[in-house]
Amino acid sequence: MTNLQIRAAVASAIALSAGQAFALNSGSITGTEVKLYVGGATATDNAFTNLFKLTTANGGLCTDGTLDVYFYSGSAGGTTNQRLFFCTGNANSGVSGQKIAVFKESQGGSAEGVSPVADPTILRNFLPFSAATLGACEAASSVLSAASGNFAQYTLHSCNSSTITLNSSGVANAGISDIDPKTFVGLGPVIAAHANSLTSTSTVGVTFNPIVSVPLYEALQTAQGLSTGSETLANMPSVTLSQLRAIFGGRINNANQLYAYNNSTSSTAQLSSGTLYVCRRGNSSGTMSSFKILFLGEGCSKNADSIASFVLPSQVYTGEVQDPDTDEWSGTGPVNQVDVGQPWSTSATLYTGTGTGAIAGGYGGIRVFAGSGSGDVRSCMGYHSDNSHYAVGTASTESLPAEGVGTASNTHWRYVRIDGVEPTLKATMEGRYPYFTENTMNRQSNASKSNYLATGSNLLALFNGIAGQIGKTNVLLAVNNSWKDAAAIGTVGAGEGDTGILDIPATGNNLSALPVTAASVRVKPVNGQKRNVTGSANNCNFSLQAYP
């Protein structure tokens, strides 16, 4: 090792030591921490994480330099569905000077931010809070992240099932859902009694778009007289709302049933024949419920029989089936993709409805797949792109599609216009793109329940601190920075092609000037539309212009 390398190593060790001295870590647990357990939507997980990482001056919840973040994945290469934020709270948190531990469990989607909060007997998996278990995560992986920009210094620890065992008897005392709980009733495993027992606070606006496989994207470009393969915003193809309703409602299952209008020739072309695959989520997902509401009106009509239902997953068989009452696996039967979805797999042994004949490609061999998480939908879309298939998926716009087609990545898909309107923050702020929901933070309103946040308590103060800060401009700017030009990945613009999350319009945060510009997106991302006339959000409402 050279002298330069030695000095660098020593400096790194000193920095890590200094960081750990400020951070709390497992050795700081005293048993007096304010512990808030939060379940639900994955769409705002990045915003939620950034809220803790921000400096106090920029609206963060933690005293600068005191934060430890713990991520858990089900396996060494699995998805991180659980996380824990452990720090000393500042004035923004509502519990200044207190040690706070905020747990976020995201497996299953938005329904887990509603039902388990309404009914505390519904238990969830959370990271365990003890010196021994968190110490195991610290021993497995600890990385110091230096202060940068709006973010304070923090330490990141990663662990998985080989390191610790999750607490499977956790009670959620708060939740996040992509749509308000009352609108959720009937769309997922949420009943009216659940929604009626919660107090909900609107937080941020989340935009949604039907993503398509690269082969379908390019076929639409060709049929519409655009430059095939171009990634510019000007060459983003369009799908009509009526076509999307027919695809999602199960009426269109082959690409040759799609017709594309060519503006340059004023003519309509038919796409070539090919199975049209659908990559969706299970019904417990807020993304899934959002698509049902925004594109089909499902769950919002008094005459439900007259409303199209979102196409169900293909019925397939595996070697075992899970009993929905006992959660035990046994025998041979149909996989229940409808409720919570399934992890994506191209190697799982699946069978046709008769129980004979393995399906090649696992879930890639069925027309309609329901994933348990957003990553499963992206994997499904990537598989169909890699295999030159036409596919349509469901997604919120907090993802950056990878360029090109190839097995090196499983996130190959593209956003599309709907009726000629691009799914960007700018278009949403201008009131042109209406496919967004207003998500909520939910808490128990029944004082007799074990997870009730008592008036005047530190837990309620922390809940209000999070709900009040999560939509702050600095948080959203930091989150949206990940999806610059996501709608047009081949170009670099000033904000015209950005996707992501918007603040909900309210007194004090409206845009200072009109018209909206590309720069507005990266300076003050406030929605130009809302979902309520008065009171709390109602995502069954049509979008309404919010200002001036």
Sub-3.5 Å donor-acceptor pair from the side chain of [X] to the main-chain atoms of [Y], do we have one?
{"X": "Y154", "Y": "S145", "answer": "no"}
{"X": "T424", "Y": "A427", "answer": "yes"}
{"X": "N481", "Y": "L477", "answer": "no"}

Note: [X]-[Y] ion pair, threshold 4.0 Å (strictly below):
{"X": "D498", "Y": "K426", "answer": "no"}
{"X": "R83", "Y": "E105", "answer": "no"}
{"X": "R414", "Y": "E218", "answer": "no"}

Donor-acceptor pair between [X] and [Y] side chains, under 3.5 angstrom:
{"X": "N92", "Y": "K472", "value": "no"}
{"X": "N539", "Y": "T437", "value": "no"}
{"X": "D180", "Y": "T183", "value": "yes"}
{"X": "S396", "Y": "T287", "value": "no"}
{"X": "T232", "Y": "T491", "value": "no"}
{"X": "S273", "Y": "Y390", "value": "no"}
{"X": "T428", "Y": "T207", "value": "no"}
{"X": "N262", "Y": "T268", "value": "no"}

Roughly how far apart are [X] [atom1] and [Y] [atom2], rounded to 0.5 Å?
{"X": "H412", "Y": "M381", "atom1": "NE2", "atom2": "CE", "answer": "12.0 Å"}
{"X": "Q243", "Y": "Y259", "atom1": "CD", "atom2": "OH", "answer": "10.0 Å"}
{"X": "T275", "Y": "H384", "atom1": "OG1", "atom2": "NE2", "answer": "10.0 Å"}

| message | Can you tell me how the ring of Y433 sits relative to the ring of Y435, calling it parallel under 30°, perpendicular over 60° and tilted otherwise? | response | perpendicular
| said: Parallel, tilted or perpendicular: which one describes the rings of F85 and F52, with boundaries at 30° and 60°? | reply: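 Ring orientation of F85 relative to F52: parallel.
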Test: [X] cationic atom under 6.0 Å from [Y] six-membered ring centre, within 45° of axis:
{"X": "R367", "Y": "Y277", "answer": "no"}
{"X": "R531", "Y": "F542", "answer": "no"}
{"X": "K292", "Y": "F310", "answer": "no"}

Contact between [X] and [Y] at the side-chain level, heavy atoms closer than 4.5 Å - yes or no?
{"X": "T155", "Y": "H157", "value": "yes"}
{"X": "I418", "Y": "L244", "value": "yes"}
{"X": "W483", "Y": "T397", "value": "no"}
{"X": "I176", "Y": "T440", "value": "no"}
{"X": "K104", "Y": "Q82", "value": "no"}
{"X": "V204", "Y": "V206", "value": "yes"}
{"X": "P313", "Y": "Q342", "value": "no"}

| said: For a ring pair (Phe, Tyr, Trp, His ring centres under 6.0 Å) check, start with the C-alpha distance between W344 and Y383, then their side-chain angles and the critical distance, and finish with the verdict. | reply: CA-CA 10 Å; W344 172 259; Y383 173 88; 5.7 Å; yes
| query | Given the rule in the side chain to side chain contact (heavy atoms under 4.5 Å, CB included) test, do S141 and F71 qualify, once you have shown the distances and angles that lead to the verdict? | reply | CA-CA 10 Å; S141 175; F71 273 10; over 6 Å; no
Closest approach of [X] to [Y] (non-hydrogen atoms, all atoms of both residues):
{"X": "N254", "Y": "G274", "value": "OD1-N, 3.0 Å"}
{"X": "Q529", "Y": "S543", "value": "OE1-OG, 3.0 Å"}
{"X": "A152", "Y": "T55", "value": "N-CG2, 3.6 Å"}

| message | Suppose we call two aromatic rings close when their centres sit under 6.0 Å apart. Are F208 and F436 close by that rule? | response |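 Here the rings of F436 and F208 have centres that are no less than 6.0 Å from each other.
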